[in-house]
Amino acid sequence: MEDSTDRIKQLVADGVRDKVYPGAVWATGNATGIKARGSAGVLDPAESDIPMQPDTVFDVASLTKILAVWSTVGALWENGSLPLDEPLGTFWPEVTARPLGQVTARHLLTHTAGVPLRAQLKNLYGTDPAAIRAGVLHEALHRPPGEAVEYTDRAALILGYLAEHLSGRRLDQLAQTHIWQPLGMTHTRFGPLLPELSVRCAPTELDEDTCRHLKGIAHDFSARLLGGVCGIAGSFSVLDDLARFLQYMLDPTTAPTAPGFGPSWVEESLSAQTGTLEPVRGLFWHPAPGTDPADRTYVHYGFTGTGMWISPKRGTWAVLLTNKLYYTRDREPLTRIRNAFRTLVFN
């Protein structure tokens, strides 16, 4: 493990050297907690004397789909409020007699619902949140449910709306009270962040309107359009909070207080759910690239440069948080580092 840790440190440092990202923090662990961790680079290239720190706050982008949506949907499933395999139109009046009404929650969680692939919320529905919600829930499908696996942000947006409908609470409140607070994730929240947290936040892409890099404000346009809170993206977190989340997934007895989802949801989600369709998907999680689905090493990424891996079979989890979007939208350099990182941790 010591040799592997040294190689991980070098890999992450090489990413800074090659300007894949300004900085990064990472950790690996198991059901007992963090086993190894590290940081490299700087928080912001414009302030090169401030190093990236273990408590740096990151815009985790699509990890929101796991931290806020997957987890709260799991809580609703476990308490009997949300059936995974009943058409949404049978219990959600907003989509009854609409195309979305024939879709199930499992379709959405496996990205097989056939909903449009691009969000395009402002272009299609304007800027009013109520009009956006109505537009998304009433939109036509672009293919029949269950026909193909196609990743789409809309799946998480719709499930976030569904969780709000079933609970009667906003998604940020639902995640905070049912997931983050019980797990002791004290630095995880939706943005925009208050100034005292923003100063510790890794900046992302250059905002054309202000000519400044986004810092403490969600990079994802849909999240900003909807006031910072939506199922697609918008949450911010730190390494230790994500470690608590993943540690709980491996061993529920580690949580200070039990959150809404438990082992049944984890087991259901970290197993192949798409039958003969390719690529293989669990529930929002998917097998890490280059791994055999039978090995059950699952991952979810965030567009800003974040990622979480977990393998119940190996009893191991890993986190790599970067702000690669500061430099580029090119995915390939970080993809190579992510795959090498996963190999070093899980092989």
Side-chain angles (χ1 to χ4, degrees), residues 28 60-71 73-74 77-78 82-85 88 102-118 141-159 231-233 242 245-246 249-250 261-303 306-320 331-332 334-347:
T28 65
V60 297
S62 279
L63 295 192
T64 301
K65 294 177 172 71
I66 297 295
L67 302 177
V69 179
W70 171 83
S71 56
V73 165
W77 174 72
E78 291 206 7
L82 199 171
L84 290 188
D85 297 304
L88 299 180
Q102 63 186 296
V103 168
T104 68
R106 193 182 300 275
H107 284 138
L108 292 166
L109 287 160
T110 54
H111 292 285
T112 60
V115 297
L117 302 186
R118 299 286 301 280
L141 303 182
H142 96 109
R143 69 164 74 240
E147 186 176 87
V149 177
E150 298 173 309
Y151 182 88
T152 167
D153 282 339
R154 283 183 178 238
L157 182 60
I158 293 165
L159 284 168
I232 295 173
L242 301 183
F245 188 90
L246 294 166
M249 288 178 64
L250 291 179
F261 75 94
S264 296
W265 184 240
V266 174
E267 180 65 25
E268 185 81 7
S269 301
L270 302 183
S271 56
Q273 297 284 334
T274 44
T276 59
L277 296 178
E278 297 284 347
V280 175
R281 284 268 172 184
L283 301 182
F284 265 14
W285 297 87
H286 63 90
T291 67
D292 185 332
D295 195 45
R296 298 186 69 203
T297 300
Y298 280 77
V299 67
H300 205 290
Y301 301 125
F303 187 70
T306 58
M308 301 192 299
W309 294 255
I310 187 166
S311 175
K313 187 173 181 179
R314 295 175 179 267
T316 301
W317 57 260
V319 176
L320 176 62
R331 299 184 183 189
E332 185 56 34
L334 183 59
T335 296
R336 291 196 296 269
I337 288 176
R338 281 170 166 168
N339 291 341
F341 177 76
R342 188 271 308 160
T343 300
L344 288 170
V345 174
F346 292 95
N347 282 7

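Nothing here was measured: the structure is a model prediction, and the numbers come from that model. Because only heavy atoms are used, hydrogens play no part in the values below, and waters and symmetry mates are left out as well, while side chains stay in.
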Problem - Matching residue for W309 among F341, W317, W285 - test: ring-ring contact (aromatic ring centres under 6.0 Å, His included) - result: F341
Problem - Gap between atom CG of L108 and atom CG of L88 - 0.5 Å precision - result: 6.0 Å
Problem - ring pair (Phe, Tyr, Trp, His ring centres under 6.0 Å) partners of Y298, counting only residues at least two apart - result: none
Exercise for the section: Using modelled atom types only, decide if a donor and an acceptor are shared between the side chain of R281 and the backbone of H111 within a distance under 3.5 Å. Expected result: no
Handout entry: Residues forming a side-chain hydrogen bond (donor to acceptor under 3.5 Å, both in side chains) with T112, sequence neighbours excluded
Key = T110
Handout entry: Closest approach of T306 to V60 (non-hydrogen atoms, all atoms of both residues)
Key = OG1-O, 3.1 Å
Practice task
Take T316 and F346 through the side-chain contact (heavy atoms from CB on, under 4.5 Å) test and state the conclusion after the steps.
Solution key: CA-CA 7 Å; T316 301; F346 292 95; 3.6 Å; yes
Practice task
Measure the CD1-NE2 distance between I158 and H107 for me, rounded to the nearest 0.5 Å.
Solution key: 12.5 Å
Completion exercise
S264 meets the side chain to side chain contact (heavy atoms under 4.5 Å, CB included) criterion, sequence neighbours left out, with W77, E78
Practice task
Under the salt bridge (Lys or Arg N to Asp or Glu O under 4.0 Å) rule, collect the residues that match up with D292, sequence neighbours excluded.
Solution key: none
Problem - Euclidean distance, D85 CG relative to T104 OG1, rounded to 0.5 Å - result: 5.5 Å
Practice task
For E278, enumerate each residue passing the salt bridge (Lys or Arg N to Asp or Glu O under 4.0 Å) test, keeping only those at least two apart in sequence or located in another chain.
Solution key: none
Problem - Separation between CD of E332 and CD1 of I337, rounded to the nearest 0.5 Å - result: 10.5 Å
Handout entry: Sub-4.5 Å side-chain heavy-atom contact between Y301 and L63
Key = no
Handout entry: Contact summary for V280 and T274, nearest pair of heavy atoms
Key = CA-OG1, 3.5 Å
Problem - Test salt bridge (Lys or Arg N to Asp or Glu O under 4.0 Å) applied to R314 - qualifying residues, sequence neighbours left out - result: D295
Fill in the blank from the handout: What one should report as the nearest heavy-atom pair of A105 and L82 is CB-CD2, 3.6 Å
Handout entry: M308 and V299, any side-chain heavy atoms less than 4.5 Å apart
Key = no
Practice task
Mind checking salt bridge (Lys or Arg N to Asp or Glu O under 4.0 Å) for R143 and listing every partner two or more places apart, or none if nothing turns up?
Solution key: E147, E150
Practice task
Would you tell me whether S269 and W70 have side-chain atoms, one donor and one acceptor, within less than 3.5 Å of each other?
Solution key: yes
Handout entry: Sequence neighbours excluded, every pair satisfying side chain to side chain donor-acceptor pair (under 3.5 Å) that has a member inside residues 336-347
Key = none
Exercise for the section: Determine, for K65 against D153, whether the closest basic-nitrogen to carboxylate-oxygen distance falls under 4.0 angstrom. Expected result: yes
Practice task
Find out whether M249 and L270 are in side-chain contact, i.e. whether some heavy atom of one side chain is under 4.5 Å from a heavy atom of the other.
Solution key: yes
Problem - Results of side chain to side chain contact (heavy atoms under 4.5 Å, CB included) for L344 - residues two or more places apart only - result: S4, R7, I8, L11
Completion exercise
side chain to side chain contact (heavy atoms under 4.5 Å, CB included) filter on P116, not counting sequence neighbours, yields E139, R154
Handout entry: With sequence neighbours excluded, residues passing side chain to side chain contact (heavy atoms under 4.5 Å, CB included) with Q102
Key = L141, P145
Exercise for the section: Could you tell me whether the side chain of L84 reaches within less than 4.5 Å of the side chain of L109, counting heavy atoms only? Expected result: yes
Practice task
Kindly compute the distance separating CG (L117) from OG1 (T152), expressed to the nearest 0.5 Å.
Solution key: 5.5 Å
Problem - Any donor-acceptor N/O pair, Q273 side chain to E268 backbone, under 3.5 Å - result: yes
Exercise for the section: Run the ring-centre check on F261 versus F245 and record whether the distance is less than 6.0 Å. Expected result: yes
Problem - Any side-chain heavy-atom pair of L283 and W265 under 4.5 Å - result: yes
Handout entry: Gap separating the CG atom of L320 from the CG atom of L242, nearest 0.5 angstrom
Key = 11.0 Å
Exercise for the section: Mind checking side-chain hydrogen bond (donor to acceptor under 3.5 Å, both in side chains) for S311 and listing every partner two or more places apart, or none if nothing turns up? Expected result: none
Practice task
Give a yes or no answer on whether the side chain of S62 reaches the backbone of G302 with a donor-acceptor pair at less than 3.5 Å.
Solution key: no
